[in-house]
Amino acid sequence: MSTNFQFDPIELPPECQELREEVRAFLRQEIEAGTFSPQGGRNDNAAAFARKVGARGWIGMTWPKKYGGHERTHLERYVVTEEMLAHRAPTRHYSTADRQSGPMILRYGQEAVKEEYLPRIASGELCFCIGLSEPNSGSDVFAASTRATKTDGGWLVNGRKIWTSNAHNSDYMIALLRTSPSTKENRRHGLTQFIVNARAKGITKNPIINLTGNHEFNEVVFDDVFVPDSHMIGEVDEAWKQASAELAYERSGPDRWLETFQSLVELVRVSGSEPDDRIAAGIGREVAHLATLRRMSLSVAGMLQAGKTPAAEAAIVKDLGTNWEQALPNQVRALAPVRGDSAPDSNDDRFEEALRHTTLIAPKLTIQGGTREVLRGIIARGLGLR
Ligand SMILES: Cc1cc2nc3c(=O)[nH]c(=O)nc-3n(C[C@H](O)[C@H](O)[C@H](O)COP(=O)(O)OP(=O)(O)OC[C@H]3O[C@@H](n4cnc5c(N)ncnc54)[C@H](O)[C@@H]3O)c2cc1C
């Protein structure tokens with residue numbers, strides 16, 4: 001058996017600490033101004049918030065300056081992402097493009113498209129969504145059947161994508177589309193990635209309401225939607241190589257283990273400065289898991305910085321991270337201080353609300369971005385077991 005995993009220890013350099021303070025000061029200011037609440041809740045300011053983050057230079061941080069980027073390191077980007085998530089800032093308008101769509105365009109997009117879109121992503125103007133999943137093609141993304149058929153100057157798209165997060169607010173989708181049948185030799189052959197105008201004629205977005213009662217994802221139906229040739233990303237029929245790279249970006253960041261973190265913060269708060277031994281030991285255990293995950297995730301950021309594509313390591317971080325964050329609300333519930341008969345004060349309501357929200361989002365965590373079983377398949381391959 002061969003083990004090919006690598007998790008080099010990474011220490012954040014001093015400039016990252018300075019940057020962290022800068023981001024915290026910005027977020028404090030935005031919280032005080034009422035742009036968002038670290039306790040969550042409905043927020044309609046995501047587009048305006050994205051522009052402010054863009055103006056600070058915190059979107060597209062690692063991209064070349066010629067495309068509106070800032071040529072900073074993946075570790076600096078990591079710090080910004082971590083602070084945004086820990087404060088529950090409304091990043092949804094720009095986070096997908098910053099993490100996934102922008103790097104894809106940068107790596108495989110045509111020059112004119114890079115010049116047109118990347119600066120607008122970096123300024124916080126454009127919102128992107130991801131069109132991989134279809135009703136009969138989830139884990140097996142290479143079974144996608146939504147078609148792009150060649151026409152004069154471009155392609156006509158017909159079919160359906162599903163579970164498309166934030167499609168209803170998006171300007172563009174990066175869609176994986178069938179341009180040829182698969183071949184006997186390679187069942188992944190025949191798919192191509194395109195930038196599709198998500199507001200184009202022929203697109204219908206049908207809301208899907210999730211367990212929390214919110215509209216976060218959609219079914220997107222394409223009826224003869226025109227996409228120009230210039231919006232093809234990479235090589236025709238060869239997307240299987242690119243989609244794998246995209247997933248490495250999607251799986252590696254702190255966004256894969258900080259979604260229920262708020263419940264732990266609330267537990268620490270309601271437990272006070274002198275928790276009993278049972279609670280102190282429980283909090284210590286959770287924080288130890290968190291610290292380990294964080295070091296592993298940082299290590300992946302370090303490898304991205306070194307120009308590698310650490311797909312198996314990213315899969316491990318996502319598998320361990322999402323399992324931990326999925327279990328967290330239940331652990332917090334079990335650890336919470338026993339409440340007496342006195343009427344709960346407003347602080348307890350905050351605790352209950354955090355638990356309610358994180359309990360409801362927990363089931364999705366091991367599905368989005370690749371299911372637990374699929375990730376373990378990737379890990380097994382990395383270990384040389386399959
Ligand atoms: C909150 C959320 C947001 C999402 N956002 C997006 C988005 O923006 N864009 C997008 O394209 N998709 C999105 N998805 C879809 C997500 O990527 C898919 O749900 C996921 O890939 C699983 O696909 P599926 O639901 O079709 O399940 P299936 O693939 O049908 O899997 C069903 C079960 O079978 C198991 N299974 C499947 N294949 C294997 C295998 N080879 N070995 C072992 N077990 C296997 C799975 O682990 C799972 O338990 C989102 C999903 C969620 C929950």
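It should be emphasised that the depicted structure is a prediction, and the values quoted were computed from it without experimental measurement. Both ligands and their constituent atoms are indexed starting at 1 by order of listing. Every heavy atom of this structure was used, including side-chain atoms; hydrogens, water molecules and symmetry mates were not.
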_Considering Glu373, Gln100, Gln368 one by one, which has a heavy atom nearer to atom 2 (C) of ligand 1 than any of the others?_
Gln368
*Walk me through it: do Thr164 and Asn218 pass the test side chain to side chain donor-acceptor pair (under 3.5 Å)?*
CA-CA 5 Å; Thr164 322; Asn218 304 266; over 6 Å; no
*Would a 4.0 Å cut-off, counted as strictly less than, catch a protein heavy atom around atom 30 (O) of ligand 1?*
no
*Ser139 N/O under 3.5 Å from ligand 1 N/O*: yes
*asked:* Main chain of Asn323, side chain of Arg372: is a donor-acceptor contact present, judged purely on distance under 3.5 Å?
replied: no
_Heavy atom of the protein closest to atom 26 (O) of ligand 1 (residue, atom name, distance)_ = Gly138 CA, 3.2 Å
*Hey, is atom 34 (O) of ligand 1 under 4.0 Å from any protein heavy atom?*
no
*Polar-atom distance check: Gly369 versus ligand 1, any N or O pair below 3.5 Å?*
no
*Within a distance of under 4.0 Å, is there any protein heavy atom near atom 7 (C) of ligand 1?*
yes
*State yes or no: are the ring centers of Tyr117 and His231 separated by less than 6.0 Å?*
yes
*With backbone taken as N, CA, C and O and side chain as the heavy atoms from C-beta onward, which portion of Thr371 lies under 4.0 Å from ligand 1: side chain, backbone, both, or neither?*
side chain
*What's the shortest distance from atom 3 (C) of ligand 1 to any protein heavy atom, and which residue and atom give it?*
Ser165 OG, 3.3 Å
*asked:* Asp171 and side-chain hydrogen bond (donor to acceptor under 3.5 Å, both in side chains): which single residue from Arg120, Arg199, His93 fits?
replied: Arg199
*Steps toward side chain to side chain contact (heavy atoms under 4.5 Å, CB included) verdict (Glu21, Glu18)*: CA-CA 5 Å; Glu21 294 309 323; Glu18 277 170 38; 5.9 Å; no
*Do any nitrogen or oxygen atoms of Arg372 come within less than 3.5 Å of a nitrogen or oxygen of ligand 1?*
no
_N/O separation below 3.5 Å, Trp163 to ligand 1_ = yes
*Trp257: what forms a ring-ring contact (aromatic ring centres under 6.0 Å, His included) with it, not counting sequence neighbours?*
none
*Give a yes or no answer on whether the side chain of Glu313 reaches the backbone of Val300 with a donor-acceptor pair at less than 3.5 Å.*
no
*Can you check whether Ser133 has an N/O within less than 3.5 Å of an N/O in ligand 1?*
yes
*asked:* Out of the candidates Arg256, Arg24, Arg20, only one should pair with Glu82 under the salt bridge (charged side-chain N to carboxylate O under 4.0 Å, His left out) rule; please name it.
replied: Arg20
*asked:* So if I count the atoms of ligand 1 from 1 in the order they appear, which ones are less than 4.0 Å from some heavy atom of Lys364?
replied: 1 (C)
*If you count the atoms of ligand 1 from 1 in the order shown, which ones are under 4.0 Å from a heavy atom of Ile130?*
7 (C), 8 (O), 9 (N), 10 (C), 11 (O)
*asked:* Quick check for you: to the nearest 0.5 Å, what is the distance between Asp98 atom CG and Ile59 atom CD1?
replied: 6.5 Å
*So, Glu15 side chain and Glu76 main chain: donor-acceptor pair closer than 3.5 Å or not?*
no
*asked:* Looking only at distances, can you tell me whether any N or O atom of Leu132, backbone or side chain, sits closer than 3.5 Å to an N or O atom of ligand 1?
replied: yes
_Under-4.0 Å heavy-atom contact between protein and atom 40 (C) of ligand 1_ = no
*At what distance is the nearest protein heavy atom to atom 20 (C) of ligand 1, and which residue and atom is it?*
Ile367 O, 3.9 Å
